[in-house]
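Data first, discussion second: the structure below is written as structure tokens.
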Amino acid sequence: MKIDKRITYVSGLPRAGSTLMCQLLGQHPDIYGLGHSSPLFDAINQFRRSMSENSFLLSQLDGDLERVQARLLSATRGLINGWFDETERPVVVDKNRGWLCMVEMLNLIDPDFRMIVCVRDLRQIMGSIEAQHAKTRLLDFPDHLDSHSISQRMSSLFNDNGLVGEALRSIEQMQDIEDEGIRSKICYVSYEQLATTPADAMAFIYDWLDIADFNLDPDDLVVTPTEADSYYRYKYPHATHAEVSVAEPHDLPVRIEEAILREFGWFYRQFYPEVALP
């Protein structure tokens, strides 16, 4: 069994434009995508975990490993095909930050995959979270960061298991993938580029995806339904708009900005080399 559709997986950092990216991709007549974060990643992970602990399957591994592996691969592809069975469009979009840590397995499941990874200046990501938090102070974060200082919130959000840090570590670990074939299937797009020159950014992406060019009008977009955000206590809105606009820059205390630049110098060297590091 093969994957029926050409799938573009959208992942990346939070508050880095993945919702906008999905909205812009969805304007193209050959691309299908709801724009919401998808449960497909979790479904595949849960299936893999369940099968890895299934005593009947484990009993078959020693005697028939290749057949078991082939069945698992076919079943996983069947799950993906069934998920996108509703559309006839040749290219589909699936958004989930988890895809970042699954690149090598994706290459096995879907050798024709493409992944767009959205990035943004980390200081602006932190500033965006703080700005939204200021509007919703009577609601705590899901991981109970409300009573922390901004410094403590930054530490929690940017640690290895934090909302920002987990995605950052996955991006950093991409550097360890030496297979150029896999690396060529990943495209990094900055929020700054997407928001300031959306038509140019999308023209590049259409070419990279090998699909027909499309005359995107960034001032006349189809607005998609807002993703339900109650899990995040409405601190991370995902609304779409009829036109692309550049967000106002967020201010952070100098000490917080310097801490981000010191700790994540590798990120700035890779994606924002023009930023002076302390």
Exercise. Check whether any side-chain heavy atom of Leu252 lies under 4.5 Å from a side-chain heavy atom of Ile150, and answer yes or no.
Key: yes
Quiz prompt | Minimum side-chain heavy-atom gap Met174-Ile177 below 4.5 Å | solution = yes
Exercise. Using the rule that two of Ile, Leu, Val, Met, Phe, Trp, Tyr join whenever any of their side-chain heavy atoms come within less than 4.5 Å, decide whether Met102 and Met51 are in one cluster.
Key: no
Self-check item: Side-chain (Lys185) to main-chain (Val103) donor-acceptor, under 3.5 angstrom
Solution: no
Quiz item: Any idea how Phe214 and His28 line up, ring-wise: parallel (<30°), tilted (30 to 60°), or perpendicular (>60°)?
Solution: tilted
Self-check item: Within one Ile-Leu-Val-Met-Phe-Trp-Tyr cluster: Phe47 and Leu108, side-chain cutoff 4.5 Å
Solution: no
Exercise. Verify the cluster assignment for Ile256 and Leu13: are they in a single hydrophobic cluster under the rule of side-chain heavy atoms below 4.5 Å apart?
Key: yes
Self-check item: Step-by-step side chain to side chain contact (heavy atoms under 4.5 Å, CB included) determination, Leu209 to Leu25
Solution: CA-CA 11 Å; Leu209 291 175; Leu25 285 169; 4.2 Å; yes
Quiz item: Could you walk me through whether Ile31 and Arg89 pass the side chain to side chain contact (heavy atoms under 4.5 Å, CB included) check?
Solution: CA-CA 6 Å; Ile31 300 177; Arg89 296 186 185 186; 5.6 Å; no
Exercise. Identify the heavy atoms of Cys22 and Val93 that sit nearest to each other, and give their distance.
Key: SG-CG1, 3.9 Å
Quiz item: Ser170 and Leu100: which non-hydrogen atoms are nearest, and at how many Å?
Solution: CB-CB, 3.6 Å
Quiz item: Which pair of heavy atoms, one from Asp30 and one from Pro90, lies closest together, and at what distance?
Solution: O-CD, 3.4 Å
Quiz item: In the single-linkage hydrophobic clustering (I, L, V, M, F, W, Y; side-chain heavy atoms under 4.5 Å), do Leu216 and Ile211 co-cluster?
Solution: yes
Quiz item: So which heavy atom on Arg269 is nearest to which on Leu277, and how close?
Solution: NH1-CD1, 3.6 Å
Quiz prompt | Check: Val275 and Phe267 side chains under 4.5 Å, non-hydrogen atoms | solution = no
Quiz item: Yes or no on side chain to side chain contact (heavy atoms under 4.5 Å, CB included) for Trp99 and Ser38, after CA distance, side-chain angles and deciding distance?
Solution: CA-CA 10 Å; Trp99 292 125; Ser38 164; 5.7 Å; no
Practice problem: Go through Gln152 and Leu145 one step at a time and tell me if the side chain to side chain contact (heavy atoms under 4.5 Å, CB included) criterion holds. | Solution: CA-CA 8 Å; Gln152 291 171 314; Leu145 303 178; over 6 Å; no
Self-check item: Nearest-0.5 Å distance that lies between atom CG in Asp64 and atom CD in Gln69
Solution: 11.0 Å
Quiz item: Which atom names give the shortest non-hydrogen contact between Val92 and Lys5, and what distance separates them?
Solution: CG2-CB, 3.9 Å
Quiz item: Going from CD on Glu248 to CG on Asp251, what distance comes out if it is rounded to the nearest 0.5 angstrom?
Solution: 10.0 Å
Quiz item: Is it true that a side-chain atom of Lys95 and a backbone atom of Leu34 form a donor plus acceptor pair closer than 3.5 Å?
Solution: no
Quiz item: Near Arg67 CZ, under 6.0 Å, is it more than 12 heavy atoms from other residues, nucleotides or ligands?
Solution: no
Quiz prompt | Residues, nucleotides or ligands: over 12 heavy atoms within 6.0 Å of Gln175 CD | solution = yes
Exercise. May I ask you to decide if Ala70's main-chain N or O and Ser74's side chain share a donor-acceptor pair within less than 3.5 Å?
Key: no
Quiz prompt | Least distance between heavy atoms, Phe41 atom then Cys101 atom | solution = CZ-SG, 4.1 Å
Quiz item: Do Val91 and Phe204 belong together in a cluster built from hydrophobic side chains that touch within less than 4.5 Å?
Solution: yes
Quiz item: Got a donor-acceptor contact below 3.5 angstrom from the Ser18 side chain to the Pro14 backbone?
Solution: no
Exercise. May I ask you to decide if Ile109's main-chain N or O and Arg77's side chain share a donor-acceptor pair within less than 3.5 Å?
Key: yes
Exercise. For Asp4 and Asn81, indicate whether the former's side chain and the latter's backbone hold a donor-acceptor pair under 3.5 Å.
Key: no
Practice problem: Report the distance from atom CZ of Phe158 to atom CD1 of Ile260, rounding to the nearest 0.5 Å. | Solution: 4.5 Å
Self-check item: OG on Ser184 to CD1 on Ile186, rounded to 0.5 Å
Solution: 8.5 Å
Practice problem: Mind checking the OG1-NE2 spacing from Thr224 to His36? Nearest 0.5 Å is all I need. | Solution: 6.0 Å
Practice problem: For residues Ile3 and Asp112, determine if any side-chain heavy atom of one lies less than 4.5 Å from a side-chain heavy atom of the other. | Solution: no
Exercise. Measure up the Tyr236 and Phe141 rings against each other and bin them: parallel (under 30°), tilted (30 to 60°), perpendicular (over 60°).
Key: tilted
Quiz item: Are any of the side-chain heavy atoms of Phe113 and Ile7 separated by less than 4.5 Å?
Solution: no
Quiz prompt | Side-chain H-bond candidate by donor/acceptor type, Tyr188 with Gln270, under 3.5 Å | solution = no
Quiz item: Mind checking whether Arg114 and Trp208 have side chains closer than 4.5 Å, heavy atoms only?
Solution: yes
Exercise. Could you tell me whether Leu138 atom CG has more than 12 heavy atoms of other residues or ligands within 6.0 Å of it?
Key: no
Quiz prompt | Sub-4.5 Å side-chain heavy-atom contact between Leu194 and Val244 | solution = no
Practice problem: With sequence neighbours left out, write down each residue that passes side chain to side chain donor-acceptor pair (under 3.5 Å) with Asp146, or none if nothing qualifies. | Solution: His133
Quiz item: When rounded to the nearest 0.5 angstrom, what is the spacing between OG1 in Thr76 and CZ in Arg48?
Solution: 9.0 Å
Quiz item: So, do Arg71 and Leu57 sit near enough that their side-chain heavy atoms are less than 4.5 Å apart?
Solution: no
Could you tabulate the donor-acceptor pairs under 3.5 Å formed by side-chain atoms of residues 115-132, not counting sequence neighbours?
unit_1, atom_1, unit_2, atom_2, d
Arg120, NH1, Arg15, O, 2.8
Asp121, OD1, Arg123, N, 2.9
Asp121, OD1, Arg123, NE, 3.1
Asp121, OD1, Tyr268, OH, 2.6
Asp121, OD2, Arg123, NE, 3.4
Asp121, OD2, Arg123, NH2, 2.7
Gln124, OE1, His250, N, 2.8
Gln124, NE2, His250, O, 3.1
Ser128, OG, Arg15, NE, 3.1
Ser128, OG, Arg15, NH2, 3.4
Glu130, OE1, Arg153, NH2, 3.0
Glu130, OE2, Arg153, NE, 2.7
Glu130, OE2, Arg153, NH2, 3.4
Gln132, NE2, Tyr234, O, 3.1

